[in-house]
Structure formats: structure tokens, C-alpha cells
Amino acid sequence: MLQVRDLKTYLYLKRGVVKAVDGVSFDLASGETLGLIGESGSGKTMMGLSLLGLPPKPAGRIVAGSIKLDGRELVGLDEEVLSREVRGRQIAMISQDPMTSLNPVFTVGDQVAAPIRAHHLAGERSAIDMAVAELDRVRVPSARERAGDYPHQFSGGMRQRVVAAMAIACRPRLLIADEPTSALDVTIQVQFMDLIEKIQADTGAGILFITHDLGVAASLCHRIAVMYAGRIVEMAGVDRLYSDPQHPYTQGLLDSVPILGRRQKRLKSILGSPPDPLSPPGGCAFHPRCPHAMEVCRQQVPPTVAMSDGGHVACWLKVDSTA
Amino acid sequence: MARYITKRALQGLIAIFGALLIVFVAQRLSGDPVALMLPMDASEADFAAMREALGLDKPLLVQFAIFLGNALTGDFGQSYQWNAPAMGLLIDRLPATLELAMAGLFFAVLLAVPLGVFSAVHRGGWVDRSAKIFAMLGQAVPGFWIGLLLILFIAVELQWLPAYGRGTPAHLVLPAIALGWYPVAAMTRTLRSSMLDVLESDYVRMERAIGLPERTIIWRYALRNAAVPLVTMVGVYFANMLGGAFVIEVVFAWPGVGRTVVDAVFARDFPVVQAGVMLSAVVFVVMNLLVDLSYGFIDPRIRRG
Amino acid sequence: MVEALSYLSRFGIKVLHRNKVSSGFPYVASLVLALVVISALFGPWIAPYQATSISLADAMTPPAWLDGGSAAHLLGTDNLGRDILSRIIAGARVSTVVAFYAIVLSGLIGTGLGMAAGYFGGIVDAVISRIIDTQMAVPSIPLAMLFAAVLPPGEAMVIFIIVLSYWTWYARIVRGEVLSLRERDFIALAKVAGVGTPTIFVRHLAPNLLNTLLVLATLQFGSVIVFEAGLSFLGLGIQPPQVSWGGMLSDGRNFIEVAWWLITMPGLAIMAACLASNLLGDWLRDTFDPLRRQVF
Ligand SMILES: Nc1ncnc2c1ncn2[C@@H]1O[C@H](COP(=O)(O)OP(=O)(O)O)[C@@H](O)[C@H]1O
Ligand code: SF4
Ligand SMILES: [Mg+2]
């Protein structure tokens with residue numbers, strides 16, 4: 001359904017250029033959930049926004065690559081066409097912070113009805129009815145009454161449900177969830193993840209689930225892509241990725257947090273600090289922190305090597321062993 | 001909200017009391033309050049009666065109490081120019097001033113909203129840069145001079161609109177522009193600045209992500225948020241216009257409160273002057289309360305809290 | 001109300017001066033201000049004519065570049081044949097003198113009360129804040145009417161009225177600054193070391209306020225010029241035969257249909273002086289305090 005090829009989104013700031021997304025490729029099928037994990041600042045949000053054609057203005061721009069949704073190329077489409085036909089209609093996004101993602105001076109019902117109206121799925125009257133039905137679907141209690149309330153009258157978890165209702169109101173083919181649970185309490189998190197699964201069962205949408213929480217990703221996703229400094233360094237099915245991580249960064253990530261059902265000798269954090277986005281290290285961006293770094297790692301970007309299980313990894317260690 | 005409003009109302013009452021105190025002090029500052037309150041040709045008997053009425057033989061505190069008592073009933077003395085109660089006289093003129101202030105405000109908002117929104121949306125563009133220069137100039141040019149220039153060019157040279165007096169809507173145009181001139185700059189810059197903040201917010205990003213047309217986002221969803229600080233400005237400027245329309249009213253011979261008070265100063269009709277000061281103060285305080293209340297309507301977060 | 005207003009004025013100033021037109025030193029503005037001050041100090045020596053000398057034969061001469069204009073009167077003459085340029089130069093003196101005294105006095109009073117309110121807090125702060133409230137509940141022009149009605153007109157009265165209307169500028173902002181300064185280490189240390197309150201005020205607080213005060217004073221200059229012009233225009237400020245820009249506008253108003261330059265030239269002088277003071281004040285703030293440029 002979705003094919004992303006060699007996508008590059010750069011931010012042209014006064015201080016320099018940030019290559020927030022630097023050559024990312026992946027596929028995503030209907031009904032599939034792909035996890036995108038990585039440290040904060042690795043470019044996950046920018047990746048999600050790029051799919052919507054919404055890199056932050058005026059600094060951000062998609063400079064190369066292709067995004068195909070059901071065969072249609074989205075990169076280079078007119079802003080107006082993107083708004084009318086893609087955003088909210090075919091691709092939708094649940095953003096990170098439920099507290100700030102809703103407009104404080106409009107009612108929740110109005111905001112959930114907004115995409116329905118904008119995409120002419122219903123007239124003014126029935127748009128509200130549909131909005132109420134969506135609020136119901138995301139399990140906002142007594143949806144009809146609450147549709148007239150304002151965002152500040154809802155708890156964080158409820159607001160995130162409202163955002164989800166906005167996102168799924170037009171039955172998008174692809175749903176991007178950008179760390180939707182990181183601002184919520186643990187119990188609310190679990191409920192919300194259930195909700196995401198239900199949404200997927202109901203709508204059959206493909207989901208790009210962005211998170212830095214490996215545990216959350218494990219429970220929800222079919223496949224996982226690990227992102228570092230704007231690139232995908234490893235991609236694999238959930239089982240293999242957690243049981244047999246190939247990339248040193250993935251290994252480091254898994255060793256640094258306790259994960260249910262995974263045997264770990266002891267927790268170790270990854271040494272060093274995330275790269276400076278304005279001037280990331282040359283070659284493999286991970287080399288200053290990598291315990292296996294070799295000379296070649298400093299010189300050249302490692303190629304992406306396909307694995308027998310259908311996943312792939314970008315690391316010089318694997319080039320040697322498969323060559 | 002109720003408690004907040006009560007607190008504000010109390011502060012307003014204290015301020016009005018303070019204004020009364022200022023007026024009282026000004027009366028005594030002149031040396032002989034009786035001479036202030038009576039026409040120059042008043043008889044010795046009038047003087048004695050007034051001295052009695054003001055309680056001038058009594059201690060200062062009692063005098064102030066008498067003054068306060070009268071003020072509470074709206075009694076600021078008799079205008080000898082017009083031979084009528086001073087406050088009533090001004091209240092009769094209030095509609096003309098209100099009309100002018102509202103027209104001025106309307107002009108200011110009418111210009112400021114599109115300018116501010118445009119400047120923010122096309123930041124750094126020519127509208128933005130012109131508006132910036134315009135704002136700089138606007139702050140440096142007194143409204144009454146703009147009024148004179150308008151009379152010179154529009155009324156005298158081009159003869160498009162009448163320059164003096166009140167009557168038809170056409171009479172309202174030039175004074176409204178002169179009065180609304182000053183706030184335009186500040187309002188434009190305020191709106192631009194808050195609009196820029198709003199356009200960078202998460203909820204606007206969300207509104208873009210669900211595919212709302214940019215027009216709808218800006219004019220429907222973002223503007224209402226960005227307008228919150230503008231409401232303060234509108235309220236405060238409205239109050240200031242009611243008090244500050246004095247000079248503009250004189251320039252355009254507008255028969256409002258301001259011109260009446262200025263005339264009264266020249267005619268040494270002090271009751272009208274002190275009533276004018278108090279009327280301005282009360283209107284100012286009431287307007288500020290209304291602004292506080294209006295927040296609740298524009299921003300639901302405040303309504304409950 | 002203090003909150004609403006201080007919010008507004010803070011916001012207003014912040015907004016107006018955010019994203020300035022240019023950030024270099026405002027040479028033109030400084031030059032204009034220098035001209036105003038030079039005119040004020042040396043006016044009688046610079047001006048081509050005496051500002052009040054009447055010459056009916058030359059009455060209503062248009063500016064030099066127009067038909068009927070004469071090089072003898074660059075900006076033309078008024079209905080009594082008085083030279084406009086000379087009168088503008090003379091008006092600069094009144095404006096500057098009034099502004100000077102008004103700024104010094106309102107600055108001293110406002111700073112003193114603001115420092116006391118911020119430093120002592122509690123009841124002192126409450127009382128001073130209520131006084132500021134009251135002051136701000138009466139718009140300045142009506143207040144000016146009140147005192148114009150009871151005091152003898154002239155420079156002293158104008159200065160009194162301006163001080164009355166403007167000391168709150170200083171009081172509010174100084175109060176805020178002192179509130180934050182009070183918490184800083186060096187004040188606490190001075191207190192522990194037993195330094196007396198007057199010494200703390202003069203030695204420790206005042207120097208830290210200097211930049212703020214200079215910015216305020218510069219901005220106030222332009223504002224005072226406009227205010228004084230308004231009063232004099234109404235006939236309640238500077239009285240003839242003393243020359244003031246506002247008074248010239250008032251005179252010229254009667255001849256608006258025949259001699260446009262009578263109201264144009266003094267207005268341009270007001271605009272130039274005020275614009276220059278705003279630009280310079282703006283630049284000073286950015287230079288002193290680039291990070292806090294948005295605070296007031
Ligand atoms: N609005 C922005 N302006 C400047 N830099 C930004 C902006 N948003 C993100 N970045 C930079 O882009 C990079 C990727 O950020 P992001 O996609 O938000 O990371 P993640 O979502 O993985 O935490 C980071 O280096 C961040 O500093
Ligand atoms: S390429 Fe080299 S530096 Fe990078 S992860 Fe592999 S071994 Fe480490
Ligand atoms: Mg992110």
C-alpha cells in the first residue's frame with residue numbers, strides 16, 4: 001500500500017542544515033503495524049510529517065525521494081491537492097501531545113467534525129452526528145453530550161482519544177501515531193493501545209507507530225524499523241528483532257531497557273550521547289558510540305544488507321559476514 | 001471567574017474612589033472652590049449658599065464626605081453655562097462620543113485584522129514590511145494631526161466628505177479614522193505576533209494534518225485564538241477613546257463629551273469639568289470590567305476556572 | 001486594572017518593537033534628536049528671524065519651493081507674516097524644556113515609588129499599586145482638563161500634568177525589575193552584611209535600573225512631545241506668545257483652507273521628533289538587553 005523510497009527531508013536552519021530524514025526506504029501493507037523506534041531527535045516525527053507533506057515551515061523541505069500510496073506519487077503534489085485528497089483523508093496523524101493538539105477555543109465535536117466537513121463526507125448537520133459516532137468509537141463516554149465540551153474539560157487520555165477520533169474520522173488508509181502514549185499514565189497507555197488495535201481491526205488501516213518505547217512497540221507492532229540520525233539502521237519482524245538484534249545500536253537499545261519476556265544479563269546504557277544534528281559524524285553515524293567500530297565505519301556509510309528473514313540492516317559488520 | 005470578576009470590580013471601585021479624591025484635591029488646590037463652582041457674576045448670597053452647601057466651614061474630612069455623598073447621587077454641581085446639572089448634561093452628550101468611539105474602533109479593527117493576519121501569514125512579505133513601517137509612523141503621529149490632514153486633503157481639497165459636525169454617516173468617517181488611527185498600529189502588531197505563535201502551535205499542525213484548507217485554518221480556527229490579546233486592546237483602547245476623544249472632538253467640532261468639557265474649561269465652568277473627569281473614569285473602569293468578562297466568551301478555558 | 005493595563009502596555013511596546021525595521025545604530029534618528037536639542041539650546045542664534053516678529057507684508061508666503069514662495073522664508077510664513085521655520089525652531093525649545101523637566105521629575109517619582117513597592121512588598125506595595133491603579137483609571141487628557149481648569153496655564157502646569165500622567169510608566173516597570181533584583185544574591189549578601197536600606201537603593205538597585213530608565217526616558221521623550229502638543233493645540237498648554245508646535249497647529253487650523261503649510265510643517269516636526277525618540281529608545285533596549293527584548 002505504502003512505498004517510501006530514499007526519502008530525504010532537510011531542515012534549512014540559520015545555523016546550518018539538519019538532515020532530519022536522510023534516505024529512508026520502507027514498505028507498509030494495509031492492516032499492518034510498523035513500529036518506528038529510535039532516540040529522541042533521530043527524525044521519527046519528521047518522517048511522519050514528511051508522509052503528510054508537512055515538514056515544518058519555512059525551514060523544512062522534502063529534498064528527494066518518493067512516497068507512493070496505492071501507486072500514487074505524493075512527493076511534489078500541490079499543497080492544495082494534498083490538503084484536499086491526502087491529508088486527513090488517506091493519511092492521518094495522531095500527534096504526540098494530547099494537551100496541545102486540540103484547539104482550545106473550539107468544541108471537541110466541532111473539531112472532530114472538521115475533517116468530515118472539509119472532505120465533504122457529510123453536510124453540516126450529519127457531520128456532527130458522524131463526529132459523535134467517532135467519539136463513541138474511540139470510547140469517549142456519553143459522546144453526544146461531551147461533543148459540546150471544550151478540550152480543557154477533558155483529561156489527557158480522553159483528549160488523546162479525541163485526537164484519534166479526528167484522525168480516523170475519514171477512514172484513512174494510513175494512520176501515523178507519533179508517540180501517542182508517551183504523555184499518558186501507564187494504565188491509560190494500555191487502554192489507548194487497545195484502542196489502536198481496535199481501530200485497526202475496524203478500519204483495516206496500515207499504522208506507522210512511532211515510539212521510543214521498545215516495550216510498547218513489541219506489544220503492538222508486526223515489524224519494527226530502528227532509526228538513528230535520520231536513517232533506518234535495522235528493520236525486522238518483531239520476534240527476530242527482539243531475540244536476535246543485528247545492528248550494534250539495536251543491541252544497545254535492547255540492552256538498555258528491561259523488556260518483558262526477554263532475558264537480559266544486565267542493563268547497560270549506550271555510551272556517549274546522540275549525534276549533533278547539525279554535524280553528524282561521517283561514515284556510520286553511530287561509530288563514535290559503537291563498541292565494534294572499525295576504520296571503514298569512520299570513512300563510509302554502511303550499505304543496507306538484506307537478511308534472510310526479509311529484514312535488513314545497515315552495518316559494516318554484516319557486509320563482511322555476508323560478502 | 002466570579003471571584004476574579006468580584007476582585008476586579010472591587011479594584012475598579014477603589015480606582016473610582018481615588019478619582020473622586022483627585023477631583024476633590026484639585027478643587028481645594030485652586031484656593032477657593034466656591035469661585036470654581038459659581039459663575040463670576042454670582043451674587044454674595046450665592047457665594048454664601050454655596051459655601052454652606054460645600055460645608056467649607058467644617059473640617060476637611062466632612063467636606064470630603066459631603067462631596068462624596070453628592071457624587072454618589074451623580075451631583076457634581078450645576079453648569080451655569082448651560083444652566084443644567086453638569087453630569088446630566090454630559091450624559092446627554094455621551095451617545096455622540098460613544099458613536100464616534102465605536103466608529104473609530106470599527107475602523108481600527110477593520111484595518112488591523114486583515115493587516116495583522118496577512119503580516120503573520122506572509123511573514124517578511126511586502127504587506128508585513130509595509131505594516132511594520134506604518135506601525136512605526138502610526139505611533140509617532142498624533143491622531144489630531146491626522147485629523148487636520150484629513151480635513152485638509154479629503155474635506156477641503158477633494159471635498160469628498162464633510163469636515164465638521166455630526167449628522168449623516170458621512171460626518172462620522174473622518175473623525176473615526178483620526179480617532180482609530182493610533183490603535184491600528186498596535187493592534188496590527190499584536191495580532192501579527194499572536195497569530196505567529198498560533199500558526200506554530202500543535203493544534204494548527206493537527207488541523208493541517210487532517211486536511212483542512214489553509215483558509216479555513218487561518219480565518220476560522222487560528223484567528224479566534226490569536227484574537228484573545230486583541231480583545232484586551234480593543235477594550236482598553238475603547239475606554240481610552242472615550243476619554244481621549246477630546247482633541248479629536250475639538251478638531252472635528254464633534255458635539256460630544258470631550259468638546260463640552262474643553263469648552264467648559266475655557267468658560268471656567270468647573271462643575272462640568274469635574275463631572276467629565278468622573279464620567280471618563282467610570283466609563284474606563286466599566287470598560288475594563290467588560291473586557292475581563294468578554295474573555296470568558298472568547299476563551300472557554302477562563303469561563304469555568 | 002493595573003494588570004490589564006500593564007499587560008497591555010508591556011504587550012503593546014513589545015509588539016511594536018518586535019522585529020524592528022533595522023537593527024543598526026539609528027543614525028538618522030539620532031541626528032534628528034540632535035537637531036531638536038540644538039534648536040532648543042541655540043534657537044535664537046540659528047533661527048533666521050525672531051519667532052514672534054510680525055510682518056504683515058509677508059503674510060501667508062508659501063514655502064520656498066512653491067509659486068509665490070521666497071528663499072527668505074524656507075517653510076513659508078503664517079497669517080501674521082511670522083517665519084514658520086523660525087517658529088518651529090522656537091517650538092523645539094518649549095518641547096525640549098517641558099520634556100526634560102517632565103522626564104526627570106516623573107522618572108524620579110516613579111522610580112522612587114516603584115523601588116519602594118518592589119523592595120518592601122507587603123502593605124507598601126499594595127498601597128502604591130492601588131495608587132497606580134487609580135492614576136490609570138483616569139485617562140490623561142481628562143485629568144489634564146481638571147488641572148488646566150484650576151491651575152494657572154503655562155509651562156509649569158504642563159509639566160505638572162505630564163508628571164502626573166507619566167510617573168506610572170516608571171513605577172510599574174521599576175517595581176517589576178526590583179522584584180526580580182531583590183531575589184538576586186548580591187542584594188541578599190548586602191542585607192546580610194548589614195548594609196542599610198538607603199545604601200542598597202542607591203548603591204545596588206539604582207545602577208541595575210539605569211539601562212531600563214534610559215530606555216524609558218528616551219521613549220517618553222517622543223510621547224511627551226505629542227502629549228504637550230495636544231494640550232497646547234487645545235489651548236490649555238503653552239500659552240501665546242510663547243511658541244509651541246501644538247499652538248502653531250491650533251493657529252494654522254483657522255487657515256486650513258488657504259495655507260496648508262501652517263498645519264503641515266509643525267506636524268512634521270512633531271512626527272520627526274517622536275519617531276526619532278521611538279527608534280532610538282528601541283535601539284537602546286535591544287542593545288542593553290538583547291535577550292529580554294520582549295519583557296517590556
Ligand atoms: N521545528 C524544528 N526546527 C528546527 N529543528 C527541528 C525542528 N523539528 C525537529 N528538528 C530537528 O530535526 C531532528 C529530528 O527531529 P524529530 O523528527 O522531532 O525527532 P524525533 O521525533 O525522533 O524525536 C532533530 O535533530 C531536531 O533537532
Ligand atoms: S557500521 Fe561500524 S560503527 Fe556503524 S554500527 Fe556497524 S560496526 Fe558500528
Ligand atoms: Mg518526535
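A note on names: the letters A, B, ... follow the listed sequences, proteins ahead of strands, and every chain is numbered from 1. Below, each value reflects all heavy atoms present in this structure, side chains not excepted, and no hydrogens, waters or symmetry copies.
Heavy atoms of C/Ile225 lying under 4.5 Å from chain B are absent altogether. Residue B/Phe153 does not touch chain C at all, counting heavy-atom pairs closer than 4.5 Å. Within the 4.5 angstrom heavy-atom criterion, no atom of C/Ser223 approaches chain B. For B/Val283, no part sits under 4.5 Å from any heavy atom of chain C, backbone or side chain. Of the two parts of B/Val257, neither the backbone nor the side chain holds a non-hydrogen atom closer than 4.5 Å to a non-hydrogen atom of chain C. With a 4.5 Å cut-off on non-hydrogen atoms, B/Ile146 does not touch chain C at all. Using a 4.5 Å cut-off between heavy atoms, B/Leu289 does not touch chain C at all. Both the backbone and the side chain of C/Leu146 come within contact range of chain B, with heavy atoms under 4.5 Å apart. The contact between C/Ala229 and chain B is made by backbone and side chain atoms together, counting heavy-atom distances below 4.5 Å.
Within the 4.5 Å cutoff, no side-chain heavy atoms of C/Tyr166 are placed close to those of C/Ile103. At least one side-chain heavy atom of C/Glu228 sits under 4.5 Å from a side-chain heavy atom of C/Val94. Between B/Trp145 and C/Phe233 the shortest side-chain heavy-atom distance does not fall below 4.5 Å. A 4.5 Å side-chain heavy-atom check between B/Arg259 and B/Trp254 finds every atom pair outside the cut-off.
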Verdict with reasoning, B/Trp181 to B/Phe134, per ring pair (Phe, Tyr, Trp, His ring centres under 6.0 Å): CA-CA 11 Å; B/Trp181 166 264; B/Phe134 179 71; 5.3 Å; yes
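Between chain B and the options C/Ile131, C/Leu236, C/Thr264, heavy-atom pairs under 4.5 Å are most frequent for C/Thr264. Chain C forms more heavy-atom pairs under 4.5 Å with one residue of B/Phe144, B/Phe17, B/Phe266 than with any other, namely B/Phe144. Per-residue counts of heavy-atom pairs under 4.5 Å with chain C were compared for B/Val265, B/Val282, B/Ile151, B/Asp128; the largest is that of B/Val265. The residue among B/Val23, B/Leu279, B/Val251, B/Ile16 with the most heavy atom pairs within less than 4.5 Å of chain C is B/Val251. Of the listed residues (B/Val273, B/Leu152, B/Val262, B/Val261), the greatest number of heavy-atom pairs within a distance under 4.5 Å of chain C belongs to B/Leu152. The residue among B/Asp269, B/Val141, B/Ile22 with the most heavy atom pairs within less than 4.5 Å of chain C is B/Ile22. With chain B as the partner, the residue from C/Gly267, C/Ala149, C/Cys274 showing the most heavy-atom pairs under 4.5 Å is C/Gly267.
Counting non-hydrogen atoms of neighbouring residues, nucleotides and ligands closer than 6.0 angstrom, the CZ atom of C/Arg253 exceeds 12 such neighbours. Counting non-hydrogen atoms of other residues, nucleotides and ligands closer than 6.0 Å to CD1 of C/Ile123 gives a total of 12 or fewer.
Judged purely by atom type and a 3.5 angstrom limit, B/Ser194 uses its side chain to pair as donor or acceptor with the backbone of B/Leu191. Checked by atom type and distance alone, the side chain of C/Ser277 pairs as donor or acceptor with a backbone atom of C/Gly222 at under 3.5 Å.
From C/Leu35, atom CG reaches atom OG of C/Ser30 across 11.0 Å, with rounding to the nearest 0.5 Å.
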